[in-house]
Each structure stands twice: as structure tokens, then as C-alpha cells.
> 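I'd like to ask some things about the structure below.
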Protein chains: 2
Amino acid sequence: MKARVHVMLKNGVLDPQGEAVRHALGAMGFDKVEGVRQGKVIDLTLAEGSSEADVTDMCEKLLANTVIESYSIEML
Amino acid sequence: MKARVHVMLKNGVLDPQGEAVRHALGAMGFDKVEGVRQGKVIDLTLAEGSSEADVTDMCEKLLANTVIESYSIEML
């Protein structure tokens with residue numbers, strides 16, 4: 001089974017990487033871009049019998065820094 | 001309007017970051033994790049009138065290195 005985890009900086013946390021992308025897109029003529037936020041996506045391949053609770057545990061303990069990042073889990 | 005772009009290393013391209021995460025999860029006792037691939041997620045806020053073709057263009061020109069990365073676009 002597979003799970004996909006998205007880890008994004010929380011709203012209000014400065015995202016210099018996203019800001020750099022927005023700036024670069026603007027400089028390349030993509031003037032319709034109003035904002036960019038960049039995050040991580042982590043695709044996990046799990047043994048049968050794994051649950052979403054296991055993945056939540058991984059996020060809390062390793063995958064996300066919950067002080068500044070939020071995460072969402074999709075079981076596929 | 002919003003668009004979400006996923007940029008992942010192509011299959012067969014070594015993913016040391018994902019490998020490091022898999023190793024760390026294993027060391028923490030998450031022994032049901034068989035594989036990890038890590039990629040980027042880019043959330044774009046676009047002015048009205050933007051199309052998926054614009055976002056494809058951004059991916060080809062800036063957001064993804066199409067030699068080693070594949071991308072997928074979701075219009076939200």
C-alpha cells in the first residue's frame with residue numbers, strides 16, 4: 001500500500017524558496033503568478049497492515065517540523 | 001485560482017533524500033516502510049484567466065528539470 005504526505009510551511013511562515021520561484025517566474029514573463037508556496041511531498045510504500053495512524057506518527061516524529069510546518073496524509 | 005504542481009524524480013533516478021528518510025524511519029522503529037520517494041510540491045496562486053497550458057509552460061521552463069524529474073499538474 002502507498003501513502004502520500006504533503007508537508008507545507010504554515011500560513012504566516014516566510015517561505016523564501018517559494019518567494020524565489022515567484023520572482024523567477026515573474027522575471028521569465030509569467031506575470032499572472034500571484035503567489036507561490038513550496039513544500040515537500042513524500043511518497044511512502046508501506047507493508048500491508050499499516051494504518052494512517054502509523055503515518056501520522058511518522059509525520060509527528062520525523063517528517064514534519066510541526067512548529068512551522070503542517071502536513072496532510074492521503075492513503076492511496 | 002490555484003494550481004498544485006508535484007515534481008518527483010523519475011523512476012530509476014537515485015533519490016538519496018528519500019533513502020535517508022527511509023533509513024531514519026527504520027532506525028526509529030517504523031519497520032513497515034518499504035520505500036520512500038521525496039519530491040517537491042509547488043502551490044501556485046494564479047490570476048483569473050490562467051490556464052493549465054501556462055502552468056505546463058512554467059514546469060517545462062523552470063519548475064522541473066525534465067531530464068531527471070517528472071511533474072504533474074492539478075488545477076484546484
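We name chains A, B, ... by the order of the sequence lines, and we start the count at 1 in each one.
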> Give the cluster check for L62(B) versus I73(B): same hydrophobic cluster or not, with ILVMFWY residues linked at side-chain heavy-atom distances below 4.5 Å.
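Yes; tracing contacts between hydrophobic side chains, which count when under 4.5 Å, links both residues.
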> So which of E48(A), R37(A), Q17(A), K61(A) has the biggest tally of heavy-atom pairs under 4.5 Å with chain B?
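Max contact count across the listed options: R37(A).
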> Can you tell if the side chain of V33(B) reaches within under 4.5 Å of the side chain of L46(A), non-hydrogen atoms only?
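Side-chain contact under 4.5 Å: yes.
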> Within a strict 4.5 Å, meaning less than it, do heavy atoms of the V41(A) and Q38(B) side chains meet?
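Not touching, per the 4.5 Å side-chain cut-off.
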> Check for me, please, whether L76(A) and V55(A) land in the same ILVMFWY cluster - side-chain distances under 4.5 Å, paths through other members count.
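Looking at the clustering, V55(A) is in a separate group from L76(A).
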> In terms of hydrophobic clustering (I, L, V, M, F, W, Y; side-chain heavy atoms under 4.5 Å; direct or indirect links), are M75(A) and L25(B) co-clustered?
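Yes, because M75(A) and L25(B) connect within a single hydrophobic cluster, where side-chain heavy atoms sit under 4.5 Å apart.
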> Do F30(A) and D57(B) have side chains that get closer than 4.5 Å, going by heavy atoms?
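With C-beta onward as the side chain, the pair touches.
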> Check whether K2(B) gets within reach of chain A through its side chain, its backbone, both or neither, counting any heavy atom under 4.5 Å.
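No part of K2(B) comes within 4.5 Å of chain A.
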> Let me check something: do V5(A) and L9(A) share a hydrophobic cluster, defined by ILVMFWY side-chain heavy atoms less than 4.5 Å apart, either directly or through other members?
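No: no chain of side-chain contacts under 4.5 Å links V5(A) to L9(A).
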> Just wondering, do R22(B) and L44(A) contact through their side chains at under 4.5 Å, heavy atoms?
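Answer no - side chains too far apart.
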> Calculate, to the nearest 0.5 Å, the distance between atoms CG and CG belonging to D31(B) and D54(A) respectively.
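If we round to the nearest 0.5 Å, D31(B):CG and D54(A):CG are 9.5 Å apart.
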> Do M1(B) and E34(A) pass the side-chain contact (heavy atoms from CB on, under 4.5 Å) test, and can you show the C-alpha distance, the side-chain angles, and the key distance before you say yes or no?
CA-CA 10 Å; M1(B) 65 191 302; E34(A) 294 172 349; over 6 Å; no
> Applying a strict under-4.5 Å side-chain criterion to I, L, V, M, F, W and Y, I'd like to know whether Y71(B) and I68(B) cluster together.
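Different clusters: Y71(B) never reaches I68(B) through Ile, Leu, Val, Met, Phe, Trp or Tyr contacts under 4.5 Å.
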> For the candidates I42(B), V7(B), T45(B), which exhibits the highest count of non-hydrogen atom pairs separated by less than 4.5 Å from chain A?
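Among the listed options, the one with the most contacts to chain A is T45(B).
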> Tell me the closest heavy-atom pair linking G49(A) and K32(B), and the distance in Å.
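Distance-wise, the nearest heavy atoms are O-NZ, 3.5 Å.
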> I want to check something: taking the side chain as every heavy atom from C-beta on, are M28(B) and M58(A) in contact at a cut-off of under 4.5 Å?
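No. Closest side-chain heavy atoms not under 4.5 Å.
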